[in-house]
Each structure stands twice: as structure tokens, then as C-alpha cells.
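Below, read A as the first sequence line, B as the second, and so on, with proteins coming before strands; counting in each chain starts at 1. Below, each value reflects all heavy atoms present in this structure, side chains not excepted, and no hydrogens, waters or symmetry copies. Worth saying up front: this structure is predicted, and the values here are computed from it rather than measured.
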2 protein chains.
Amino acid sequence: MNIKYIDIYETIKGDIASGKYKPGEKLPSENDYCKIFSTSRGTVRKALEMLSEEGLVNSLHGKGAFVLDSNLITFSFGGLVSFKEASENSNRDFITSIHMFEELTIDEELSKVTKLPKGSTVYKIYRIRELNGEKIILDINYFLKEAVYNLTKEIAKQSIYEYIEKTLNTKIGFAKRVIKVEAATLKDKENLNMKSYNFVVVVKNYVYLSNGIQFEYTESRHRPDRFEFVDFARRR
Amino acid sequence: MNIKYIDIYETIKGDIASGKYKPGEKLPSENDYCKIFSTSRGTVRKALEMLSEEGLVNSLHGKGAFVLDSNLITFSFGGLVSFKEASENSNRDFITSIHMFEELTIDEELSKVTKLPKGSTVYKIYRIRELNGEKIILDINYFLKEAVYNLTKEIAKQSIYEYIEKTLNTKIGFAKRVIKVEAATLKDKENLNMKSYNFVVVVKNYVYLSNGIQFEYTESRHRPDRFEFVDFARRR
DNA sequence: CGGCATTTGTTCGTATGTATC
DNA sequence: AGATACATACGAACAAATGCC
């Protein structure tokens with residue numbers, strides 16, 4: 001609402017999504033947009049830059065900005081989305097069930113894994129993501145209690161990020177993510193429909209508030225055949 | 001050289017790398033930098049935004065910009081780097097060997113896989129990446145001949161991207177990347193030291209010139225135990 | 001608590017450079 | 001050559017968050 005370039009960004013993004021502008025098509029020029037939104041060029045450029053970073057448009061010096069073929073941003077983790085948002089984007093019907101919800105204190109060993117401070121209290125949650133009746137993702141979350149106060153099972157069933165951002169009004173800043181392959185644990189085999197696979201793809205998320213404090217560590221353990229990570233990058 | 005905000009970006013990045021500013025430390029304010037580089041605030045802000053996007057610094061409203069603990073940007077593919085650059089960054093001694101170098105024409109079937117236009121001529125290259133005497137990555141490249149003219153085995157042994165950008169002076173724009181797990185093929189087993197693994201992690205790269213034309217498709221097939229993907233994302 | 005200085009965030013207007021057509 | 005379009009740069013003003021006195 002407040003911020004003009006966000007409005008413009010969302011408007012243009014909506015226009016692309018709705019098919020008003022199709023892949024390959026040229027968008028109105030920056031000066032056109034200045035008139036359309038009655039704003040300055042700097043503001044228009046900021047909106048277009050965001051679209052460019054996301055891989056929705058490509059700006060060419062002297063020619064214009066063109067809509068890219070955005071066939072698949074589906075299930076993209078690029079840009080730090082929570083699970084609910086990701087599944088909405090990709091139009092898949094995931095069902096989430098909670099298999100553990102407890103408080104505990106981070107000890108030496110757990111601190112090494114989670115990078116959360118030793119001695120702090122966290123909510124530990126197991127969530128299982130089910131698609132078409134198959135359990136394919138096991139999420140193991142650790143949330144700092146002091147940052148995500150009064151978290152409940154009910155909230156965890158919905159979207160924890162929505163709770164943090166909308167209800168608690170806390171700003172999430174950034175995340176580091178590591179993807180690797182690991183041998184399946186007993187827990188994986190108990191909780192997922194592993195077929196004959198004996199390994200999982202693990203996505204480790206270290207998530208920080210905008211003030212720079214880490215408040216979450218999450219391991220998403222995926223059955224390998226259903227794992228897919230899509231990414232877009234510009235050359236720097 | 002030419003572009004001021006790039007200079008500033010690189011200078012500050014160097015200062016962080018050299019340890020002049022340490023993790024957690026506050027950088028000079030934007031106005032300080034204006035004086036230091038005798039430039040305008042907009043230019044300084046552009047440089048700082050780039051560092052922020054990369055996860056090197058975190059700017060806080062009303063407080064300042066702080067150096068993040070960048071313990072691991074090692075072997076990050078985030079930001080579209082070629083293999084040589086990646087291995088330089090991570091200080092590992094990869095050895096590259098060429099196991100195939102040929103020209104061929106993209107047919108219907110291959111077009112579906114590579115997304116390159118049917119009927120176009122490409123260089124097809126197999127490259128094997130060896131680390132500590134173990135063959136762990138098989139790269140299968142397809143480069144559009146019209147975009148990467150006169151590519152030779154010698155160049156491929158070095159860095160193809162360096163050739164494209166410095167020698168041909170062609171601008172690379174962006175890439176889409178998909179990571180998934182696939183069963184190991186006979187080729188994987190022939191060319192890699194697969195131990196007892198019967199699957200590989202596959203990174204598919206669809207790379208475009210800045211004019212929006214796709215000029216490369218590459219499959220990087222990794223032995224699963226040595227695969228790691230590191231990423232940084234800001235909340236939008 | 002208010003008031004003030006500092007710092008980052010947003011917006012505007014303008015000018016100039018450079019690529020494309 | 002001239003018009004159009006994006007890229008870079010400068011300067012100015014105000015908003016909003018923070019910290020200090």
C-alpha cells in the first residue's frame with residue numbers, strides 16, 4: 001500500500017500473470033509507466049528491477065523490457081517462501097500433519113547442528129507433508145521461543161510464517177540454505193513412504209529475522225523422487 | 001572501471017574479504033561513503049544493495065549496515081558461476097578432463113531435453129571433474145555453435161565462460177536451474193567413481209545471453225555424497 | 001517522557017551516457 | 001542524423017526507525 005514501487009511491481013506482475021502481457025512481448029517503456037502510474041522514472045525502474053531479478057522480465061539496453069517465458073516458477077524455493085506459499089504457488093494439494101510438538105533446550109550438540117544459541121528454548125516440531133496420499137516430506141523445525149512466542153499446534157498446522165509476520169508482526173530477513181543428500185534415518189523410514197529408497201534430499205534452512213538474529217533452523221527431508229528445486233539467477 | 005557503483009561494491013567487498021570489517025561490525029554510514037568515494041548517496045546505496053542481495057551485509061533501518069557472518073559462500077552456485085570460478089572460490093583443486101568434443105545437430109528429441117532449437121548446430125562436450133583423484137562430476141554441455149563460434153577442446157579445458165565473455169565479448173544474461181535426483185546411467189557409472197551409489201544429483205542449466213536467446217544447456221551429474229548446494233535468499 | 005541527531009528508506013526531478021532502430 | 005529507450009549519476013527533500021541526552 002504505502003510503498004509506490006511495490007504497488008507498481010505487483011501491478012505489472014499481475015498483468016503478466018493474467019496474460020495481459022505475454023512471453024516475448026515488450027512492456028510499455030519506463031517513460032510510459034511514469035505517465036501510467038504518475039511517478040518518476042527511478043520508481044518505475046525499481047519495480048522493473050525486481051521483476052528482472054525474479055526472472056519475469058528481461059530489460060535490454062535501448063530496446064525495452066520483455067516478458068520472459070516464466071513457464072516454471074512452480075515449487076521454487078528461490079526467494080525464501082514458506083511451505084504453504086510454495087504449495088499455493090504450485091497448485092498442489094499438500095496435506096500437513098503434526099507428529100511432534102514440544103519445547104526443549106538447545107544443548108551443546110544440538111547447537112552445532114541448528115546453529116541456534118546453546119541454552120535457548122525452542123519449539124521442536126515434526127511436520128509431514130503428504131501429496132496424493134503419499135508422505136513425501138518430513139520437516140523438522142526448531143523455532144526460538146522468544147521470537148515465536150505462544151506458538152501452538154494449531155498454528156503450526158497452518159502457516160507459521162503467516163503467524164510470525166501477520167500476528168506477531170515480526171519481520172523475517174533472510175535465510176541460508178544448504179541442499180545435500182543423506183542416508184535415510186530410521187525416522188525417515190518411519191514417517192515417509194520411502195518405497196525402496198535408502199536416502200533423502202535434505203534442505204537445511206538457517207533463517208534470520210531482519211535484525212540479524214537467527215530464529216529458526218529447519219531440515220526438510222524429501223523423498224528423492226519427488227524432490228525438485230528450481231532457481232533463477234542473473235549473471236553478475 | 002567505468003561504472004562507479006561497481007567499483008564501490010568491489011572495494012567494500014574486498015574490505016570485508018580482507019577482514020578490514022569483521023562479521024557483526026558496522027560499516028561506515030551511507031553518508032560517510034559518499035564522502036569517501038566522493039559520490040552521491042544513490043550510487044552508494046546501489047553498491048550496498050548488491051552486497052545485501054549477496055548476503056554479505058544486512059542493512060537496518062535507522063541503525064546502519066552490518067557485516068554478516070559469511071562463513072560459507074563456498075562452492076555456492078548462487079549467482080550463476082562457471083565451474084572454474086566456483087572451484088577458485090572454494091579453494092579446491094578440481095581437475096577437468098574432456099571426454100568428448102563433437103558437433104551435432106539438435107533433433108526433435110534432443111530439443112525437448114535441451115530446450116535448444118531443433119535444427120541448430122551445437123558443440124557437445126563431456127567434461128569430468130576430478131577432486132583428490134576421484135571423478136565426482138560429469139558435465140554434459142551443449143553450446144549453440146552460432147553463439148560460441150570456434151570453440152576448441154583447449155578452450156573447453158580452461159573456462160568456456162571466460163572465452164565467451166572476454167574473447168567473444170558476448171554478454172551472458174541469466175539462467176534457469178533445476179536440481180533433482182535421477183537414477184545413475186551407464187554413462188555415469190563408466191565415467192564417475194560411483195562407489196556403490198546407483199543415483200546421481202543432476203543440475204540442469206538453461207543459460208541465456210542477455211538478449212534473451214538460449215545458448216547453452218548443461219547437465220551436471222554429481223556423485224551424491226559430494227554434492228552440496230548453498231544458497232542465500234532475502235525475504236520479499 | 002520529549003526532543004534532537006543520525007541513519008536508512010522512498011520519491012522526485014534532472015542531466016548525461018549509450019545502445020537500438 | 002534523429003528519436004526512442006534503458007543505464008548511470010547527482011542532488012534534494014521528506015519519511016521512518018533508532019539512539020542518546
Side-chain angles (χ1 to χ4, degrees), chain A residues 1-12 21 24-53 56-68 169-174 209-213 234-236, chain B residues 1-12 21 24-53 56-68 169-174 209-213 234-236:
Chain A
M1 281 307 190
N2 246 339
I3 301 170
K4 228 169 183 178
Y5 69 81
I6 302 272
D7 285 349
I8 297 173
Y9 157 78
E10 281 170 355
T11 303
I12 301 177
Y21 305 116
E25 205 172 325
K26 185 177 167 300
L27 290 179
S29 76
E30 292 174 358
N31 281 316
D32 290 341
Y33 274 132
C34 290
K35 287 167 199 158
I36 292 173
F37 296 108
S38 57
T39 186
S40 68
R41 236 188 101 206
T43 303
V44 169
R45 278 181 65 74
K46 184 128 190 179
L48 287 172
E49 253 164 52
M50 291 173 72
L51 294 165
S52 177
E53 293 263 324
L56 290 174
V57 312
N58 192 33
S59 290
L60 296 182
H61 197 160
K63 297 183 81 171
F66 297 83
V67 179
L68 286 179
N169 205 26
T170 303
K171 263 175 268 173
I172 295 164
F174 52 91
L209 299 177
S210 59
N211 64 14
I213 292 176
R234 292 201 161 267
R235 182 73 167 169
R236 294 192 253 258
Chain B
M1 280 307 192
N2 245 340
I3 301 169
K4 228 169 181 178
Y5 70 81
I6 302 272
D7 286 348
I8 297 173
Y9 156 80
E10 281 170 355
T11 304
I12 300 177
Y21 304 116
E25 205 171 325
K26 185 177 165 302
L27 290 180
S29 76
E30 292 173 359
N31 281 315
D32 289 342
Y33 273 133
C34 290
K35 287 167 198 157
I36 294 173
F37 296 109
S38 57
T39 185
S40 68
R41 231 186 107 207
T43 303
V44 169
R45 279 182 65 75
K46 184 129 189 179
L48 287 171
E49 253 163 52
M50 291 173 72
L51 294 165
S52 178
E53 292 261 324
L56 290 174
V57 313
N58 191 34
S59 290
L60 295 181
H61 196 164
K63 297 182 81 170
F66 297 82
V67 179
L68 287 179
N169 204 28
T170 303
K171 264 176 265 172
I172 294 164
F174 52 90
L209 299 177
S210 59
N211 64 13
I213 292 175
R234 293 203 159 266
R235 182 75 167 168
R236 294 191 254 257

Q.
Here's a test of your reading of the structure: between A/G62 and B/A65, which maps to the more 5' nucleotide of DNA chain C?
A. B/A65
Q: Give A/L48 one of three labels, base, sugar-phosphate or nothing, depending on what nucleic acid heavy atoms sit under 4.0 Å from its own.
A: nothing
Q) NA contact type, B/G42, heavy-atom cut-off 4.0 Å: base, sugar-phosphate, or nothing? A) nothing
Q | Under-3.5 Å donor-acceptor pair between B/H61 side chain and D/dA16 base | A | yes
Q. So does B/T43 get a side-chain nitrogen or oxygen closer than 4.0 Å to the phosphate oxygens (OP1/OP2) of D/dC10?
A. yes
Q: Rounded off to whole Å, could you give me the CZ-to-P distance for the A/F37 and C/dT10 pair?
A: 18 Å
Q) For the pair made of CG in A/N31 and C1' in C/dG13, what is the distance, rounded to whole Å? A) 13 Å
Q. Are the side chain of A/R45 and the backbone N or O of A/E30 linked by a donor-acceptor pair below 3.5 Å?
A. no
(Q) Using whole Å, what does the distance between atom P of nucleotide D/dC6 and atom NZ of A/K63 come to? (A) 12 Å
Q: Output yes when at least one side-chain N/O atom of A/R41 is less than 4.0 Å from OP1 or OP2 of C/dC12, else no.
A: no
**Q.** Euclidean distance, atom CZ of residue B/F66 to atom P of D/dT18 [Å, nearest integer]
**A.** 11 Å
Q) Considering the options A/I12, A/I6, A/I8, which one meets the side-chain contact (heavy atoms from CB on, under 4.5 Å) requirement together with A/E10? A) A/I6
(Q) What is the separation between atom CD1 on A/I6 and atom P on C/dG9, rounded to the nearest whole Å? (A) 13 Å
Q.
Closest approach to the side chain of A/S40, judged atom by atom: which nucleotide of C/dT7, C/dT11, D/dC6 is it?
A. C/dT11
Q) Roughly, in whole Å, what's the span from CD1 in B/I3 to P in C/dT18? A) 10 Å
Q | Shortest non-hydrogen separation from A/F174 to A/L209 and the atoms involved | A | CE2-O, 4.1 Å
Q) In whole Å, what is the span from the OH atom of A/Y5 to the C1' atom of D/dA15? A) 13 Å
Q | Short side-chain N/O contact to C/dT8 OP1/OP2 from B/R45, under 4.0 Å | A | no
Q) Please give, in whole Å, the distance from D/dC6 P to A/L27 CG? A) 9 Å
Q.
Any side-chain N or O of A/K4 below 4.0 angstrom from OP1/OP2 of C/dC12?
A. yes
**Q.** Listed nucleotide nearest any side-chain atom of A/K46, set D/dA5, C/dT8, C/dT10
**A.** C/dT10
Q.
Can you confirm whether more than 12 heavy atoms, excluding those of A/K35, are under 6.0 Å from its NZ atom?
A. no
Q) Where the side chain of A/S29 is defined as all heavy atoms beyond and including C-beta, which of C/dT11, D/dA7, D/dA5 is the nearest nucleotide? A) D/dA5
Q) In terms of side-chain heavy atoms of A/T39, which of C/dT11, D/dA9, D/dA7 is nearest? A) C/dT11
Q.
Around atom NZ of B/K171, are there more than 12 heavy atoms from other residues, nucleotides or ligands closer than 6.0 Å?
A. no
